[in-house]
There are 2 protein chains.
Amino acid sequence: MASQTEENYLKALFNLANPEGEINISDLAQQLEVSMPTANSMVKNLQKRGLVQYEKYKPVKLTSVGKKEAALIIRKHRLTEMFLVNKMGFGWEEVHEIAEQVEHIHSPKLFERMDEMMGFPTVDPHGSPIPDKQGRIQNLQLKSLIEANPGQEAVLSALADSSTEFLQYLNSRDLKLGTELKILSKEPFDQSMIVSYGSVEKETLSQKVCEKLLVKIFEAN
Amino acid sequence: MASQTEENYLKALFNLANPEGEINISDLAQQLEVSMPTANSMVKNLQKRGLVQYEKYKPVKLTSVGKKEAALIIRKHRLTEMFLVNKMGFGWEEVHEIAEQVEHIHSPKLFERMDEMMGFPTVDPHGSPIPDKQGRIQNLQLKSLIEANPGQEAVLSALADSSTEFLQYLNSRDLKLGTELKILSKEPFDQSMIVSYGSVEKETLSQKVCEKLLVKIFEAN
DNA sequence: ACAATTTGTTAGACTATTCTAACAAATAAT
DNA sequence: ATTATTTGTTAGAATAGTCTAACAAATTGT
Ligand SMILES: [Mn+2]
Ligand SMILES: [Mn+2]
Ligand SMILES: [Mn+2]
Ligand SMILES: [Mn+2]
């Protein structure tokens, strides 16, 4: 059984993988806030355990076993976040730190029950998909708001950044998942957008913000 | 901050303490399923950290700081057990193992919310008192069923043993906290008792069982 | 192509937690 | 009072996870 430390490495590897599934040791080290030699030695350990594929000076790749293990930890993380928000009244900006700990609990039944009590949710409070029990993740094919054009409507469906700071920014603007944004205009100079939503007539969103808002885009009619 | 391992030692020390607050290294080792040298070296470590009082060849004692730390971990354990039973539909025989892990989560808010959602319970699913936020524990002064006499009534209020096996035995006899037992007779030979409760007309409880049932005793009228 | 920078590796050390083997003190049994 | 048993201690070693210092390979920029 993977230790808590190993589980955190697997998760980081999963999240950092580029489209080809490759991860640099330095990115891994940075993500986990450890030194490169530390990351390096853990990668060797995971290799011995058959969870990653690795050769000296080449990028690391999770094996399919490693990928599944990682996805199942992420499943526990996201179920926990959703449970904390839906069933315990936490804000979406408060749950990540707790889930970071709860994800390591060994109890299939605990997570089964969370899942059941919530009616088998498919996404977490930040819109990220919850892997299924086999560790499979559905791809929602969302677009960044930056891709939307004036005249279109966009439903906020997920976030490319779930940091506390960004979530608090969204709270302050009353932006939540499900919010329908009407794109009023787009500033060619700095890529900022003016949008309207809910009871908010007019709000300017910087490029930085727009990039992090993942949406479903519709033609307004 | 105490590590998960240190927390488990503190809890064991708290639970094993005799009326004078003293614990033998050998009992500690046995409880935690480690060797005596291991327990010994952890005791030295806890001493350095000011959590126990200890001198070579003398029994260990928690300091008041150590006692409070221990009680607060037990608080998290018992709140968790109660939450799992009351809010998530677990049986009282399923929750200890999970709580053993959840008790180490660092999140005052998580346990606050559990407490709130349950309306500030004072005992766990096995009738053991939940320490308050200051680490104080109320003493319920319960008696063992063995002390009750024919003609009296007893309300099952806690258990002196919360092992899965015992809890499953109680499940099989439909015995729960709150069950009102009428003592019909007591066998002088083996200390077994014949009782009646709920829809159960007549049930024989061995001495072993009776000793582990903690009750409030009333004169029947 | 060469130099500079970034990335990755090795070696060696440290802490936390555990063990076994050997011994010492305390307690219990004759 | 001795002896035997139980309990506790020390010494020495192992593993997991981390670090810094030094070096090597790969990549980037002229
Ligand atoms: Mn998260
Ligand atoms: Mn984690
Ligand atoms: Mn318990
Ligand atoms: Mn525990």
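Lettering of chains follows the sequences in order, A, B, ..., and the numbering in each one begins at 1.
- Shown for residues 14-31 of chain B: no residue has heavy atoms falling under 4.0 angstrom of DNA chain C.
- Sorted by first and then second residue, the ring pair (Phe, Tyr, Trp, His ring centres under 6.0 Å) pairs involving residues 51-90 of chain A (not counting sequence neighbours) are A/H77-A/H96.
- No hydrogens or angles considered: a donor-acceptor pair under 3.5 Å links the side chains of B/H104 and B/E7.
- Donor-acceptor pairing under 3.5 Å is recorded for the side chains of A/N45 and A/E6.
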When the side chains of residues 19-26 of chain A are checked against the rest of the protein, which donor-acceptor pairs come out under 3.5 Å, sequence neighbours left out?
from, atom 1, to, atom 2, distance (Å)
A/N24, ND2, A/D27, OD2, 3.4

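- Geometric assessment of B/K212 against the ring of B/F166 yields a positive cation-pi assignment under the 6.0 Å and 45° thresholds.
- For the pair A/M88/B/M114, a side-chain contact is recorded, criterion being any heavy-atom separation below 4.5 Å from C-beta on.
- Using a 4.5 Å cut-off on side-chain heavy atoms (C-beta onward), A/M193 and A/I183 make contact.
- Here the side chains of A/W92 and A/L84 are not in contact, with every heavy-atom distance at 4.5 Å or above.
- Nucleic acid contact for A/K44: sugar-phosphate only, since backbone atoms but no base atoms lie under 4.0 Å from a heavy atom of the residue.
- Nucleotide C/dT7 holds its C1' atom 11 Å from the OH atom of A/Y54, rounded to whole Å.
- Side-chain contact check for B/I130 versus B/T122: every heavy-atom pair is 4.5 Å or farther apart.
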Extract from the structure each pairing of a protein N or O with an N or O of nucleotides 23-29 of chain D at less than 3.5 Å, listing the distance.
none

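- Ion pairing of A/R75 with A/D115 is present here, as a side-chain N (NZ or NE/NH1/NH2) and a carboxylate O approach within less than 4.0 Å.
- Between B/E103 and B/R78 there is no salt bridge, since no side-chain N of the basic residue sits under 4.0 Å from a carboxylate O of the acidic one.
- A distance-only check finds a donor-acceptor pair linking the side chain of A/K186 to the backbone of A/A148 [under 3.5 Å].
- Between the CD atom in B/E187 and the CD1 atom in B/I194 there is a gap of 7.5 Å [rounded to 0.5 Å].
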Can you name the atoms? Protein N/O to nucleotides 2-4 of chain C N/O, anything below 3.5 Å, with the distance.
none

What N/O pairs connect the protein and nucleotides 16-22 of chain C at under 3.5 Å? Give each pair on its own line.
from, atom 1, to, atom 2, distance (Å)
C/dT17, OP1, B/S3, OG, 2.6
C/dT18, OP2, B/Y9, OH, 3.1
C/dC19, OP2, B/S35, N, 2.9
C/dC19, OP2, B/S35, OG, 3.1
C/dC19, OP2, B/T38, OG1, 2.5

